[in-house]
Amino acid sequence: QVHLVESGGGSVQAGGSLRLSCALSESGYDNYCMAWFRQAPGKEREGVAAIDSNGKRNYAEYLQGRFAISQDRVKNILYLQMNSLKFEDTAMYYCAADLFGSSACGSLYTNHYNHWGQGTQVTVSS
């Protein structure tokens, strides 16, 4: 069974940086695509950034260039570099995968992805 395991969350002051990682447990899925989502208490899960098998990226507009998604497809690890963190970035961050790389890769909608990690908490203090 495929697992996604996030790491790298923590507590940071506003203006700081964090780098999240997400490891895909199984290899052999050549066309997979992945994304980062986040969910703050009392709010719906929202898309943050997505990347397809060719490296094409899609970002939520509210990020204003502060975050960067990347991947290592040899190690099957997804990254999210988060800079200039704000209090409102506080949330549980989840990675998600579409293992078969459908035409909807790059989507920031939750219903596109069928594999999810358990999440890693990011807390930004003002």
Side-chain donor/acceptor of Arg73 to backbone N/O of Tyr32, under 3.5 Å: yes
More than 12 foreign heavy atoms under 6.0 Å from CD of Glu88: is that the case here? yes
Those residues at least two apart in sequence (or on a different chain) that pass ring pair (Phe, Tyr, Trp, His ring centres under 6.0 Å) with Tyr29 are Phe100
Using the ring pair (Phe, Tyr, Trp, His ring centres under 6.0 Å) criterion, which residues pair with Tyr113? Sequence neighbours excluded. Phe37
Nearest heavy atoms of Ala68 and Tyr59, plus distance in Å: CA-OH, 3.3 Å
Check whether Tyr79 and Leu4 end up in the same hydrophobic cluster, where Ile, Leu, Val, Met, Phe, Trp and Tyr are linked by side-chain heavy atoms less than 4.5 Å apart. no
Shortest non-hydrogen contact from Ser84 toward Ser17: N-OG, 4.3 Å
Heavy atoms of Ala35 and Ser107 approach each other most closely as CB-O, 4.4 Å
Membership question, hydrophobic clusters at under 4.5 Å side-chain separation (ILVMFWY): are Val2 and Ile51 in the same one? yes
Give me the atom names and distance for the closest heavy-atom approach of Gly8 to Leu18. O-CD2, 3.9 Å
Worked verdict on Met82 versus Trp36 for side chain to side chain contact (heavy atoms under 4.5 Å, CB included): CA-CA 12 Å; Met82 304 186 295; Trp36 288 100; over 6 Å; no
Applying a strict under-4.5 Å side-chain criterion to I, L, V, M, F, W and Y, I'd like to know whether Phe67 and Leu108 cluster together. no
At what distance, to the nearest 0.5 angstrom, does CG of Leu24 lie from NE2 of His3? 10.5 Å
State the CD-CG distance between Glu26 and Asn76, to the nearest 0.5 angstrom. 9.5 Å
Between atom CG of Asn58 and atom SG of Cys33, what is the distance when rounded to the nearest 0.5 Å? 11.0 Å
Report yes or no: do Tyr94 and Tyr62 belong to one cluster of Ile/Leu/Val/Met/Phe/Trp/Tyr joined by side chain heavy-atom distances under 4.5 Å? no
Can you tell if the side chain of Lys56 reaches within under 4.5 Å of the side chain of Cys105, non-hydrogen atoms only? no
Heavy-atom pair with the smallest gap, counting every atom of Ala60 and Gly47: CB-O, 3.5 Å
Flag the pair Ser25 / Gln1 as yes when at least one side-chain heavy-atom distance between them is below 4.5 Å, and no otherwise. no
Can you tell me how far CG of Leu80 sits from CD of Gln71, rounded to the nearest 0.5 angstrom? 12.5 Å
Donor-acceptor pair, Glu6 side chain versus Leu20 backbone, under 3.5 Å? no
Pairwise side-chain contact, Asp89 with Arg38, heavy-atom cut-off 4.5 Å (strictly under): yes
Rounded distance (nearest 0.5 Å) linking atom CG of Leu63 with atom NZ of Lys86: 9.0 Å
List the atom of Ile69, the atom of Met34, and the distance in Å for their closest heavy-atom pair. CD1-O, 4.4 Å
Heavy-atom check, side chain of Asp98 versus side chain of His112, under 4.5 Å: yes
When clusters are formed by joining ILVMFWY residues with side-chain heavy atoms under 4.5 Å apart, either directly or through shared neighbours, do Leu78 and Leu99 land in the same one? yes
Please report the interatomic distance CZ(Arg66) to CD(Gln81), rounded to the nearest 0.5 Å. 12.0 Å
